[in-house]
*Asks:* 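So that we are looking at the same thing, I have put the structure below in structure tokens.
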Amino acid sequence: MNNVQIAACLEETADILEFQAANPFRVRAYRNAARAITEWPESIASMLAAEKPLTEIAGVGADLAEKIAALSMTGVFPLLEELRGQVPQSVLALLRVQGLGPKKAAALHKELKIASLDELREACEAHRVRELKGFGEKTEQAILAGLALASTAHERMLWAEADEWVQQLLAYLRTAPHVEQLQAAGSYRRGRDTVGDLDFLAVSSQPKEVMGLLAEFPEISEVIARGPTKMSVRLAKGPQLDLRVVPAEAFGAALLYFTGSKDHNVVLRGRAKDRGLKINEYGVFEGDRYIAGLTEEDVYATLDLPWFPPELREARHEFEWADAGALPELIEPEQIQGDLHMHTTESDGQASLEEMVAGAQARGLKYIAITDHSKRVSMANGLDGRRLRKQWAQIDRLNEKLKGFTVLKGVEVDILEKGGLDLTDDVLAEADWVVASVHYGQNQPREQITKRILEALANPYVSAIAHPTGRLLNRRNPYDVDLEAVLKAAHEHGKFMELNANPSRLDLDDLACAAAKLQGVPIVISTDAHNVDSLNHIRYGVLQARRAGLGKADVVNTHAWKQVQKLLGKRSAK
DNA sequence: GCCGTTTTCGGCCCGACTGTTTTCAGTCG
């Protein structure tokens, strides 16, 4: 049983306990442990094998350590089995309805014997819900609206999609004359790969007018809530938008609060409490006395903390780093010197070799690798050895004409279903740069996929593994692969792992990149561009690298190509 | 259920908004 599965058991336990109105702190303990295990770079199984205490994981105490060890080894979690017998899965679905929390859901289950979303809808339509104590006509309507919303299955946006909304809304809201400051916050500002709600923070002496302007934004379908300082609306194409308007002296504190993460804020407020201070969205207070809040730096300073880049605010390692005075200096997009994964019209790209080169030069890059598909990827018109050598001869001729820019002879070689690579070593040996990737057989069992990738890493001519989990956000789950083993092998063979900057891919994800850094495996951020415009995607990759705490030195393609070659430690310079 | 330089019990972040209330509980972020 892997960490994700263990975490899922703990989450479900928390759901049921919450539904049963258990001690909310006990519920939180299960949720905290679930999160900690999801983010832990080492598998529980290998910790147990190495006899490392699970209590090393913050949020896992003696009790949970024992339960988790048993779960990992036997696959059985007696407490959860028992709870499942008390509260069926279909009842837990009630908690997913917006506006229904554990208290109301439990009341519906207890008083009206409602055990599914269908039964809930029927009860609302028959006006039985409004008869319950604490419920009313409006609640009944809100539940029906929540049910309708749940059925449209609105998923999290890609960060790149959120960015389009944000830019549009910032431009729109800035037209209000009374907006003094305006900023997008939330998971968007933290650069998460996907974004749920859009959060905006404004400073204005006239909140009503700002909210009035937002209410007139053409794509709004519904105003969910509107008070004196806070407004929530739903946009026609799905996402919810929250706007908070605060006075100038609260901007820093409110930005911090509204950027989150929630867990980061919980730690901050706890630390404030230890010092006899209180932090809320209006500032830092000693008793009733305001002592800071104008900027985020001011707020952090009251706790002797440095300003944290938003990408790090996940309550993972940032506080421990800050306490040790070792907050990493994060990579910046301008530090990227080369792009080592892209396609041309020779396979499934939409631009020629020359166009990709011109596009890369226009973006200030110093080198690129052309990595068209290999022959097995026939749908993409993948290249065999003969066509590749022809392309590489063309690249040699092009390089003679280029000044201060290098085009590398590369290939994206397919890792075959049965194992092995799609091109022979004699061909690969002539390449400057080889990325290997899994395209087929993604449903194979974990052992098989892992073995294929480990073999590829062992090939002396492979430089990196591209899009190492195969996920497509909102469309395709990552294939089942033992990343721990892959990272270990990459380290042993001196290979790199790709962070694919395509906004739908972004794998390795932030957690896996952080694990790679721990293992000493360098990351290469690549666009996998299939046209010139997509060369711009590099910034999405950089954002995820920042979330992983990576600095310039951790990312291979911040270096000049000569240094990359040295790092790779193979074959003579070209 | 976790945690500890206010340690083995008694805390556990904080506030906005809504609806059903007539002072507050529930939900959300």
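By convention in this document, chain letters (A, B, ...) are assigned in the order of the sequence lines, proteins followed by strands, and residues within each chain are numbered from 1. Below, each value reflects all heavy atoms present in this structure, side chains not excepted, and no hydrogens, waters or symmetry copies.
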*Asks:* Taking CD in A:Gln86 as the centre, count heavy atoms belonging to other residues, nucleotides or ligands within less than 6.0 Å. Is the count above 12?
*Replies:*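 More than 12 heavy atoms, drawn from other residues, nucleotides or ligands, come within 6.0 Å of this atom.
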
*Asks:* For the backbone of A:Pro310 and the side chain of A:Arg546, can you confirm whether one donor and one acceptor N or O come within less than 3.5 Å of each other?
*Replies:*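 Between the backbone of A:Pro310 and the side chain of A:Arg546 there is no qualifying donor-acceptor contact (under 3.5 Å).
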
*Asks:* Once you apply a heavy-atom cut-off of 4.0 Å, does A:Asn23 come out as touching a base, just sugar-phosphate, or nothing?
*Replies:*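 Contact class for A:Asn23: base.
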
*Asks:* Hey, are A:Arg192 and A:Ser187 close enough side-chain-wise for a donor-acceptor pair under 3.5 Å?
*Replies:*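 Judged by distance alone, the side chains do not pair up.
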
*Asks:* Assign a letter to each nucleotide of nucleotides 19-29 of chain B from its 5' end: B, base within under 4.0 Å of a protein heavy atom; S, sugar-phosphate only; -, no contact.
*Replies:* SSS----SSSB

*Asks:* In terms of side-chain heavy atoms, does A:Asp242 have a donor or acceptor partner in A:Ser232 at a distance below 3.5 Å?
*Replies:*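 A:Asp242 vs A:Ser232: donor-acceptor pair found between side chains.
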
*Asks:* Taking syn as within 90° of 0 and anti otherwise, name the glycosidic form of B:dT7.
*Replies:*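 That one's syn.
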
*Asks:* For A:Arg35 and B:dG1, what is the distance between atoms CZ and C1' respectively, to the nearest whole Å?
*Replies:*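 Value for this atom pair: 16 Å.
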
*Asks:* Nearest to the side chain of A:Arg244, heavy atoms from C-beta on, is which of B:dA16, B:dG1, B:dG15?
*Replies:*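 Given the options B:dA16, B:dG1, B:dG15, the side chain of A:Arg244 is closest to B:dA16.
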
*Asks:* Take A:Leu64 and A:Leu277, find for each the nucleotide of DNA chain B with the closest heavy atom, and name the residue whose nucleotide sits nearer the 5' end.
*Replies:*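 Here A:Leu64 is the residue nearer the 5' end.
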
*Asks:* Of the options B:dG1, B:dA16, B:dC12, whose atoms approach the side-chain atoms of A:Arg28 most closely?
*Replies:*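 Of the options given, the side chain of A:Arg28 lies nearest B:dC12.
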
*Asks:* Give the nucleotide from the list B:dG15, B:dC2, B:dT18 with an atom nearest to the side chain of A:Ala225.
*Replies:*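 Selected nucleotide (nearest to the side chain): B:dT18.
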
*Asks:* Identify whether any heavy atom of A:Pro228 sits under 4.0 Å from a base atom; if not, whether one sits that close to sugar-phosphate; answer base, sugar-phosphate or nothing.
*Replies:*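 Sugar-phosphate, backbone atoms only, no base.
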
*Asks:* Using the six-membered ring wherever Trp is involved, compare the ring planes of A:Trp159 and A:Tyr188 and label them parallel, tilted or perpendicular (cut-offs 30° and 60°).
*Replies:*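 Ring orientation of A:Trp159 relative to A:Tyr188: parallel.
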
*Asks:* Write down the distance between OH (A:Tyr282) and C1' (B:dG15), rounded to a whole number of angstrom.
*Replies:*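 It works out to 7 Å between those atoms.
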
*Asks:* If you draw a 6.0 Å radius around CD in A:Gln167, do more than 12 non-hydrogen atoms from other residues or ligands fall strictly inside?
*Replies:*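 Count over threshold, so yes.
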
*Asks:* Base, sugar-phosphate alone, or nothing: which one does A:Leu268 contact when heavy atoms must sit under 4.0 Å apart?
*Replies:*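 Result for A:Leu268 = nothing.
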
*Asks:* Apply side-chain hydrogen bond (donor to acceptor under 3.5 Å, both in side chains) to the pair A:Glu484 and A:Ser46, showing each step before the final yes or no.
*Replies:* CA-CA 10 Å; A:Glu484 205 177 344; A:Ser46 59; 2.8 Å; yes

*Asks:* Taking all heavy atoms of A:Ala58 and all of A:Ala36, pick out the closest pair and write down the distance.
*Replies:*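 Minimum heavy-atom contact is O-CB, 3.5 Å.
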
*Asks:* Within this structure, what is the CD-to-P distance between A:Glu56 and B:dC3, rounded to whole angstrom?
*Replies:*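 Atom-to-atom, A:Glu56 to B:dC3, this comes out as 13 Å.
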
*Asks:* Fill in the dot-bracket string of DNA chain B, one character per base: . for unpaired, | for a pair to another strand, ( ) or [ ] for pairs within the strand, taking Watson-Crick or G-U pairs under 3.5 Å.
*Replies:* ((((....)))).((((((....))))))

*Asks:* Find the distance A:Asn32:CG to B:dG1:P and express it as a whole number of Å.
*Replies:*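 About 14 Å, once rounded to whole Å.
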
*Asks:* Looking at every non-hydrogen atom in both residues, tell me the closest pair between A:Lys208 and A:Arg226 and how far apart they are.
*Replies:*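 The answer is O-NH2, 3.6 Å.
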
*Asks:* Quick one: A:Lys273 NZ to B:dC3 C1', roughly how many Å, whole number?
*Replies:*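 Those two atoms, NZ and C1', are 15 Å apart.
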
*Asks:* In whole Å, I'd like the distance from the CG atom of A:Asp274 to the C1' atom of B:dC13.
*Replies:*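 The distance from CG of A:Asp274 to C1' of B:dC13 comes to 12 Å, rounded to the nearest Å.
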
*Asks:* Base, sugar-phosphate, or nothing for A:Thr229, non-hydrogen atoms under 4.0 angstrom?
*Replies:*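 Here A:Thr229 touches the backbone only, sparing every base.
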
*Asks:* Need to verify one output field. Residue with the more 5' nearest nucleotide on DNA chain B, A:Met231 or A:Lys67?
*Replies:*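 Checking each residue's closest nucleotide, the 5'-ward one belongs to A:Lys67.
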
*Asks:* Looking for any heavy atom pair under 4.0 Å, which part of the strands does A:Asn265 touch: base, sugar-phosphate only, or nothing?
*Replies:*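 Nothing, no nucleic acid heavy atom in range.
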
